Engineer: 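I have a structure here, written as structure tokens, and I will follow up with some questions on it.
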Amino acid sequence: MTGTEPAGQRIDTTKPHPARVYDWYLGGKDNYPVDEALGRRIASLSGDAPRAARANRWFMHRATRHLVGKAGIRQFLDIGTGIPTEPNLHQIAQKAAPDARVVYVDNDPIVLAHAGALLRGTDEGVTEYIEADARDPRKILEQAGRIIDLDRPVALSLIALMHFIADEDGAHDVVDALVDALAPGSALVLSAMTADFEPENVRRGIEAYAAGGVTLVARDKDEFGRFFKGLDVLEPGVVSVKDWRPELAVDETPDADGGPVSLYGAVGIKS
């Protein structure tokens with residue numbers, strides 16, 4: 001039965017995997033030659049891909065700092081966690097608030113194999129990992145509700161996840177179900193691919209992923225903004241992840257290229 005065999009036995013190293021390609025972009029070691037090959041191919045088509053991965057990671061850091069520091073949120077639900085890359089979300093949150101509770105969610109065997117690195121949190125806080133599919137919000141909420149209090153504000157983090165789920169496959173239903181279950185004062189932190197800035201490069205990148213068996217969806221600004229319907233979107237609104245509150249940056253490598261990267265990001269608050 002899928003999900004019961006050891007993670008190592010379920011990791012397919014013959015095909016590229018988005019999480020491992022992303023790990024390669026970030027300079028990680030938890031990837032295989034097939035992932036590096038696809039990463040290099042996409043980087044050759046668009047040198048922006050590794051830069052976008054770094055900018056996306058830093059967006060998550062800045063959003064987490066804001067939500068801990070300014071919004072006072074102490075609970076985080078990070079779905080589509082990916083391979084651990086330090087500093088991870090719990091390290092950012094618990095550095096500012098040692099009592100923060102963080103729940104990571106992923107269904108990728110490679111992430112499960114490295115889940116131990118996700119659980120090294122503070123003694124005062126809680127850091128847990130749930131194996132579940134993003135397309136099953138009911139299961140996620142049921143299991144997460146045993147760890148965090150869904151009657152209190154939660155920051156829902158969907159970083160570089162929703163471009164793997166098309167609208168016709170229920171992308172908005174997933175986000176709506178998750179947000180609807182959260183208490184007032186909760187936040188949605190979301191980033192996803194767009195072709196608004198570099199349409200030709202993004203098109204070639206999508207084709208390269210498709211050749212590797214991975215489907216991606218690029219959304220324009222209005223389509224991306226639909227994920228935040230009914231929420232109060234914080235300034236500066238929907239922007240390239242690189243441009244979301246750069247004043248909150250800590251230990252980020254200066255970006256020599258001032259142009260946007262092809263990922264939108266935004267943070268919305270549930271009233």
Side-chain angles (χ1 to χ4, degrees), residues 55-82 85-105 118 121-128 130 134 137 140-141 144-162 172 174-192 224-252 263-271:
N56 182 64
R57 195 75 182 171
W58 292 333
F59 162 68
M60 181 272 285
H61 291 177
R62 297 195 301 271
T64 301
R65 288 190 192 103
H66 172 82
L67 293 172
V68 172
K70 295 295 185 181
I73 292 178
R74 295 294 183 268
Q75 302 187 114
F76 292 81
L77 178 58
D78 181 44
I79 302 175
T81 298
T85 303
E86 294 191 349
N88 221 309
L89 190 153
H90 73 280
Q91 293 166 314
I92 299 295
Q94 292 176 351
K95 182 177 181 179
D99 62 338
R101 304 174 75 88
V102 179
V103 177
Y104 290 112
V105 182
L118 292 169
T122 60
D123 292 336
E124 302 94 322
V126 173
T127 311
E128 295 288 350
I130 294 171
I140 291 172
L141 292 165
R146 301 170 186 167
I147 304 164
I148 56 177
D149 184 354
L150 297 178
D151 291 327
R152 295 173 52 233
V154 174
L156 171 62
S157 180
L158 303 173
I159 300 296
L161 172 67
M162 300 314 296
H172 290 276
V174 167
V175 176
D176 289 348
L178 292 166
V179 172
D180 287 350
L182 302 182
S186 294
L188 171 63
V189 182
L190 194 149
S191 65
F224 178 90
R226 283 185 54 207
F227 286 115
F228 292 85
K229 63 181 181 292
L231 302 179
D232 299 321
V233 179
L234 300 181
E235 293 294 335
V238 175
V239 294
S240 171
V241 290
K242 175 180 174 293
D243 299 321
W244 196 90
R245 302 204 176 189
E247 71 276 8
L248 294 176
V250 176
D251 297 329
E252 293 182 8
L263 288 157
Y264 276 131
V267 178
I269 303 296
K270 183 176 180 179
S271 58

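What you see is a predicted model, and the numbers here were worked out from it, not measured in a lab. All heavy atoms count here, side chains included; hydrogens, waters and symmetry mates do not.
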Engineer: Within a strict 4.5 Å, meaning less than it, do heavy atoms of the Ile73 and Val68 side chains meet?
Structural biologist: no
Engineer: Would a 4.5 Å heavy-atom cut-off, applied to side chains only, mark Pro236 and Trp244 as touching?
Structural biologist: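 When only atoms from C-beta onward are counted, Trp244 and Pro236 do touch, with a gap below 4.5 Å.
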Engineer: Does the side chain of Ile147 come within less than 4.5 Å of Ile130's, by heavy atoms?
Structural biologist: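 Yes, at least one pair of side-chain atoms sits under 4.5 Å.
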Engineer: Within the structure provided, determine whether Ile79 and Leu156 are in side-chain contact (heavy-atom separation under 4.5 Å).
Structural biologist: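 The answer is yes; the side chains approach within 4.5 Å.
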Engineer: Just to verify, what does Asp99 make a salt bridge (charged side-chain N to carboxylate O under 4.0 Å, His left out) with, not counting sequence neighbours?
Structural biologist: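 For Asp99 the salt bridge (charged side-chain N to carboxylate O under 4.0 Å, His left out) partners, ignoring immediate neighbours, are Arg74.
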Engineer: Flag the pair Leu190 / Met162 as yes when at least one side-chain heavy-atom distance between them is below 4.5 Å, and no otherwise.
Structural biologist: yes
Engineer: Has Tyr104 got a side-chain atom pairing as donor or acceptor with Thr127's backbone, closer than 3.5 angstrom?
Structural biologist: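 Here the side-chain-to-backbone pair does not exist.
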Engineer: Do Leu178 and Leu141 come close enough that some side-chain heavy atom pair is under 4.5 Å?
Structural biologist: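 Yes, at least one pair of side-chain atoms sits under 4.5 Å.
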Engineer: Which pair of non-hydrogen atoms, one from Leu248 and one from His66, has the smallest distance, and what is that distance?
Structural biologist: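 Scanning both residues, the minimum pair turns out to be CD1-CB, 3.7 Å.
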Engineer: Output yes when a side-chain donor or acceptor of Ser191 lies under 3.5 Å from a complementary backbone atom of Tyr264, and no otherwise.
Structural biologist: no
Engineer: First locate atom CG of Leu77, then atom CD1 of Ile140, and finally report the distance between them rounded to the nearest 0.5 Å.
Structural biologist: 7.0 Å
Engineer: For a 4.5 angstrom cut-off between non-hydrogen side-chain atoms, does Arg101 reach Phe76?
Structural biologist: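 Arg101 does not reach Phe76 side chain to side chain.
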Engineer: Donor-acceptor pair, Ser186 side chain versus Leu182 backbone, under 3.5 Å?
Structural biologist: no
Engineer: Considering all heavy atoms of both residues, which atom of Pro98 and which atom of Thr122 are nearest to each other, and what is their separation?
Structural biologist: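 Looks like O-OG1, 2.5 Å.
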Engineer: Hey, does the side chain of Gln94 reach the backbone of Gln91 with a donor-acceptor pair shorter than 3.5 angstrom?
Structural biologist: no
Engineer: Taking all non-hydrogen atoms of both residues into account, name the closest pair between Gly121 and His90 and its distance.
Structural biologist: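 So the two residues come closest at CA-CD2, 3.9 Å.
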Engineer: Over all heavy atoms of both residues, which pair between Pro153 and Ala183 is shortest? Give the atoms and the distance, please.
Structural biologist: N-CB, 4.2 Å
Engineer: Atom OG1 in Thr81, atom CG in Leu89: separation rounded to 0.5 Å?
Structural biologist: 8.5 Å
Engineer: For Arg62 and Arg245, work out which heavy atoms get closest and say how close.
Structural biologist: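 Shortest heavy-atom contact: CD-O, 3.2 Å.
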Engineer: Is there a side-chain contact between Val267 and Leu188 (heavy atoms, below 4.5 Å)?
Structural biologist: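 Val267 vs Leu188: side chains apart.
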Engineer: Hey, could you give me the OG1/CZ distance between Thr64 and Phe59, rounded to the nearest 0.5 Å?
Structural biologist: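 One finds 9.0 Å between OG1 of Thr64 and CZ of Phe59.
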Engineer: Please report the interatomic distance CZ(Arg226) to NZ(Lys229), rounded to the nearest 0.5 Å.
Structural biologist: 6.0 Å
Engineer: Please work out which of the three classes, parallel, tilted or perpendicular, describes the rings of Phe227 and Phe224, given edges at 30° and 60°.
Structural biologist: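 Ring orientation, 0 to 90° scale: perpendicular.
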Engineer: To the nearest 0.5 Å, how far apart are NZ in Lys70 and CG in Leu234?
Structural biologist: 12.5 Å
Engineer: Give me the atom names and distance for the closest heavy-atom approach of Ile269 to Ala187.
Structural biologist: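 So the minimum-distance heavy-atom pair works out to CD1-CB, 3.6 Å.
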Engineer: So, Lys270 side chain and Asp232 main chain: donor-acceptor pair closer than 3.5 Å or not?
Structural biologist: no
Engineer: Once salt bridge (charged side-chain N to carboxylate O under 4.0 Å, His left out) is applied, do any residues pair with Arg152, and if so which ones, sequence neighbours excluded?
Structural biologist: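 So Arg152 forms no salt bridge (charged side-chain N to carboxylate O under 4.0 Å, His left out) with any residue.
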